[in-house]
Amino acid sequence: MDNESNIAYITLSGYVEMNKYRYLYFTVLFIVYVLIICSNSTIVYIIWTDKDLHEPMYIFIAALLFNCVLYSTTVYPKLLIDFLSEKQIISYSACLFQFFTFYSVGATEFLLLAAMAFDRYVSICNPLRYQAIMTKATVTSFLILSWIIPFIHLGAETFWSAKAKLCSFNLKGIFCNNSIFPLQCVKSRLITIMGLVSLVYVVILPILFTIFTYTKILIISFEKGKAFRRKAAETCIPHLLVLIIFSYLAIYGIIIARVESDLSETVQFVMTLQLLVYHPWLNPFIYGLKMKKIYKRLKFSHLTIV
C-alpha cells in the first residue's frame with residue numbers, strides 16, 4: 001500500500017460559491033438531513049412497535065427506510081462540515097471509506113427492493129403458500145444478505161483501490177464517489193473488472209429481477225378481478241416508485257462521476273445534490289401515504305399527540 005497516498009489530503013473542488021452561500025448551503029442541507037432522519041425513523045419506529053405491522057412486507061419497508069438513514073449519513077455529516085470549513089479536504093483513506101459505505105448502502109437498496117418484489121409476488125400470486133415460504137428465517141436471510149453481499153463486493157474493490165498510487169489530489173465533486181478513480185496514476189484493469197462485477201451482481205441483476213417479478217404480477221393481475229388488481233396496485237406501486245426514482249438517480253450518479261461532462265460546475269453541483277436529497281427524503285412519504293396500514297398509524301399517532 002502506498003502510505004504517502006493515504007496520508008495525503010484530497011481537495012473536493014465541486015463546491016460552488018462557497019464564500020457567498022456557505023451558510024445557506026449549511027442551513028438547507030442541515031434541515032433536509034434532520035427531516036430525512038425524523039421522517040424515516042418515525043415510520044421505522046411505528047413498524048417496530050406495532051405488532052400488527054410485524055409482517056415481511058413492513059419489515060422490509062422498515063429495513064429500507066433504516067437504510068435511507070445510513071445512506072444519508074455516509075455523506076451529510078461531511079458535507080455539513082465542509083460547508084463551514086475554509087478548505088474542503090479529505091484524506092485518501094477517509095475518502096475510500098466514504099466511497100465504500102456510500103456504494104455499499106446504495107447497493108443494499110436494490111437488493112432490499114428485490115426481496116420486497118419476491119415477497120409481493122408470493123403474497124399476490126401464491127397466497128396459499130405465503131406463510132410457508134416467507135418465514136422468519138427467510139426474511140432474516142434476505143435482510144442479512146442484502147447488507148453482506150454489497151459489503152463483500154465493494155470491500156474488495158475498495159481494498160485494491162487503497163493500493164493504487166495517486167497522481168492527482170483534486171477530486172471534481174463534493175464527496176467521494178466514482179470520481180476517485182481518475183485520481184489514480186494508472187487505470188487498473190482489476191479494479192475496473194471488479195467494479196463491473198459489482199455493478200452486475202448488486203445493481204443490474206436485482207433491478208432485472210424486480211422488473212421481471214412486477215411484470216409477472218401485472219400480467220396475473222389483469223387476468224383476475226378488480227379487487228385483485230386493486231390489492232396488487234396498493235402494495236406494488238410504492239415499491240415501483242422507489243425503484244424508478246432510485247434507479248434513475250443511481251444511473252445518473254454513475255454517469256456524472258465516470259464521464260467527463262461539459263455541464264457548468266453550478267449545474268453539476270445542483271444535480272449532485274439531487275442524488276442526496278430526493279431519494280431518502282421521498283421514501284418515507286411514498287410509504288407513509290401509499291401504504292394504508294402505515295398511513296392509519298401515522299394519522300392515529302398525530303391525533304394522539306394533538
S.K.: Heavy-atom distance under 4.5 Å between the side chains of Leu111 and Pro150, does that happen here?
M.R.: yes
S.K.: Would you please indicate yes or no on a ring centroid separation below 6.0 angstrom for Phe83 and Tyr21?
M.R.: no
S.K.: Is there a donor-acceptor pair closer than 3.5 Å between any side-chain N or O of Ser85 and the backbone N or O of Gln88?
M.R.: no
S.K.: Taking the six-membered ring where the residue is Trp, are the ring centres of Phe169 and Tyr9 under 6.0 Å apart?
M.R.: no
S.K.: Distance check, rounded to the nearest 0.5 Å: Ser93 atom OG versus Gln98 atom CD?
M.R.: 12.0 Å
S.K.: Is there side-chain contact between Lys78 and Phe175, with at least one heavy-atom pair below 4.5 Å?
M.R.: no
S.K.: Given Val197, which of Ile193, Leu199, Val200 fulfils the side chain to side chain contact (heavy atoms under 4.5 Å, CB included) condition?
M.R.: Ile193
S.K.: Applying disulfide (SG to SG under 2.5 Å), which residue pairs with at least one partner in residues 29-101 are found, sequence neighbours left out?
M.R.: Cys95-Cys176
S.K.: Are Tyr15 and Asp82 linked by a side-chain donor-acceptor pair shorter than 3.5 Å?
M.R.: yes
S.K.: If you compare all heavy atoms of Cys125 against all heavy atoms of Ile220, which two are closest, and at what distance to 0.1 Å?
M.R.: SG-CD1, 3.3 Å
S.K.: Is there a side-chain contact (heavy atoms from CB on, under 4.5 Å) between Ile59 and Met116 once you walk through the steps?
M.R.: CA-CA 10 Å; Ile59 291 171; Met116 293 165 80; over 6 Å; no
S.K.: For residues Ile148 and Phe142: do they belong to one hydrophobic cluster (side chain heavy atoms under 4.5 Å, members Ile, Leu, Val, Met, Phe, Trp, Tyr)?
M.R.: no
S.K.: Would you say Leu154 and Ile204 are hydrophobically clustered, going by side-chain heavy atoms of ILVMFWY under 4.5 Å?
M.R.: yes
S.K.: Would you please test Tyr121 and Lys216 for side-chain contact (heavy atoms from CB on, under 4.5 Å) and show each step?
M.R.: CA-CA 8 Å; Tyr121 175 77; Lys216 289 205 71 174; 3.7 Å; yes
S.K.: Under 3.5 Å, which donor-acceptor pairs link side chains of residues 128-135 to any protein atom two or more places apart or in another chain?
M.R.:
from: Tyr130; atom 1: OH; to: Asp119; atom 2: OD1; distance (Å): 2.5
from: Thr135; atom 1: OG1; to: Thr138; atom 2: N; distance (Å): 3.2
from: Thr135; atom 1: OG1; to: Thr138; atom 2: OG1; distance (Å): 3.0

S.K.: When rounded to the nearest 0.5 angstrom, what distance separates CG in Leu113 from CD1 in Ile244?
M.R.: 11.0 Å
S.K.: Without hydrogens or angle criteria, can the side chains of Asp52 and Tyr58 be said to hold a donor-acceptor pair below 3.5 Å?
M.R.: no
S.K.: Determine the minimum heavy-atom distance between Arg22 and Asn19, stating which atoms define it.
M.R.: NH2-OD1, 3.3 Å
S.K.: Under the side-chain contact (heavy atoms from CB on, under 4.5 Å) rule, what do Tyr71 and Asn40 come out as? Steps first, then yes or no, please.
M.R.: CA-CA 12 Å; Tyr71 177 81; Asn40 283 281; over 6 Å; no
S.K.: Output, in order, the C-alpha distance, side-chain angles, deciding distance and verdict of side chain to side chain donor-acceptor pair (under 3.5 Å) for Tyr103 and Asn177.
M.R.: CA-CA 8 Å; Tyr103 284 114; Asn177 52 11; 4.5 Å; no
S.K.: Step through it carefully: locate the ring centre of Phe151, locate the ring centre of Phe100, and say whether they are under 6.0 Å apart.
M.R.: yes
S.K.: When you compare the side chain of Lys165 with that of Gln184, does any pair of heavy atoms fall below 4.5 Å?
M.R.: no
S.K.: With the side chain counted from C-beta on, respond yes when Thr101 and Thr73 share a heavy-atom pair under 4.5 Å apart, and no when they do not.
M.R.: no
S.K.: Between Tyr76 and Tyr33, is the gap from one ring center to the other below 6.0 Å?
M.R.: yes
S.K.: Could you tell me whether the side chain of Tyr92 reaches within less than 4.5 Å of the side chain of Leu166, counting heavy atoms only?
M.R.: yes
S.K.: For the pair Asn67 (side chain) and Val105 (backbone), establish whether a donor and an acceptor sit closer than 3.5 Å, ignoring hydrogens and angles.
M.R.: yes
S.K.: Nearest 0.5 Å please: distance from the OG atom of Ser72 over to the CG atom of Leu35.
M.R.: 11.0 Å
S.K.: Does Trp147 CH2 have over 12 foreign heavy atoms under 6.0 Å away?
M.R.: yes
S.K.: Please lay out, stage by stage, how Phe26 and Leu79 fare under the test side-chain contact (heavy atoms from CB on, under 4.5 Å).
M.R.: CA-CA 8 Å; Phe26 177 86; Leu79 279 181; over 6 Å; no
S.K.: Asn283 versus Glu109: any side-chain heavy-atom pair under 4.5 Å?
M.R.: yes
S.K.: Got a list of side-chain donor-acceptor pairs under 3.5 Å for residues 205-213, not counting sequence neighbours?
M.R.:
from: Thr210; atom 1: OG1; to: Pro206; atom 2: O; distance (Å): 2.7
from: Thr213; atom 1: OG1; to: Phe209; atom 2: O; distance (Å): 2.7

S.K.: Answer yes if Val75 and Ile31 sit in the same cluster of Ile, Leu, Val, Met, Phe, Trp and Tyr residues linked by side chain heavy atoms under 4.5 Å apart, and no otherwise.
M.R.: yes
S.K.: Just how far is it from atom CD1 of Ile191 to atom OG of Ser198, taken to the nearest 0.5 Å?
M.R.: 11.5 Å
S.K.: Do Asn170 and Ser168 have side-chain N/O donor and acceptor atoms under 3.5 Å apart?
M.R.: no
S.K.: Using modelled atom types only, decide if a donor and an acceptor are shared between the side chain of His54 and the backbone of Ile47 within a distance under 3.5 Å.
M.R.: yes
S.K.: Would a 4.5 Å heavy-atom cut-off, applied to side chains only, mark Lys187 and Thr192 as touching?
M.R.: yes
S.K.: Indicate if Val277 and Val28 have the same hydrophobic cluster label, given that clusters are the connected sets of ILVMFWY residues with side-chain heavy-atom separations under 4.5 angstrom.
M.R.: yes
S.K.: I need the Ile149 CD1 to Ser104 OG distance, nearest 0.5 Å.
M.R.: 12.0 Å
S.K.: Kindly compute the distance separating CZ (Phe97) from CD1 (Ile90), expressed to the nearest 0.5 Å.
M.R.: 10.5 Å
S.K.: Please examine the side chains of Ile10 and Ile89, heavy atoms only from C-beta on, and report whether any two atoms are closer than 4.5 Å.
M.R.: no
S.K.: Treating Ile, Leu, Val, Met, Phe, Trp and Tyr as nodes and any side-chain heavy-atom pair under 4.5 angstrom as an edge, say whether Phe99 and Leu196 lie in one connected cluster.
M.R.: no
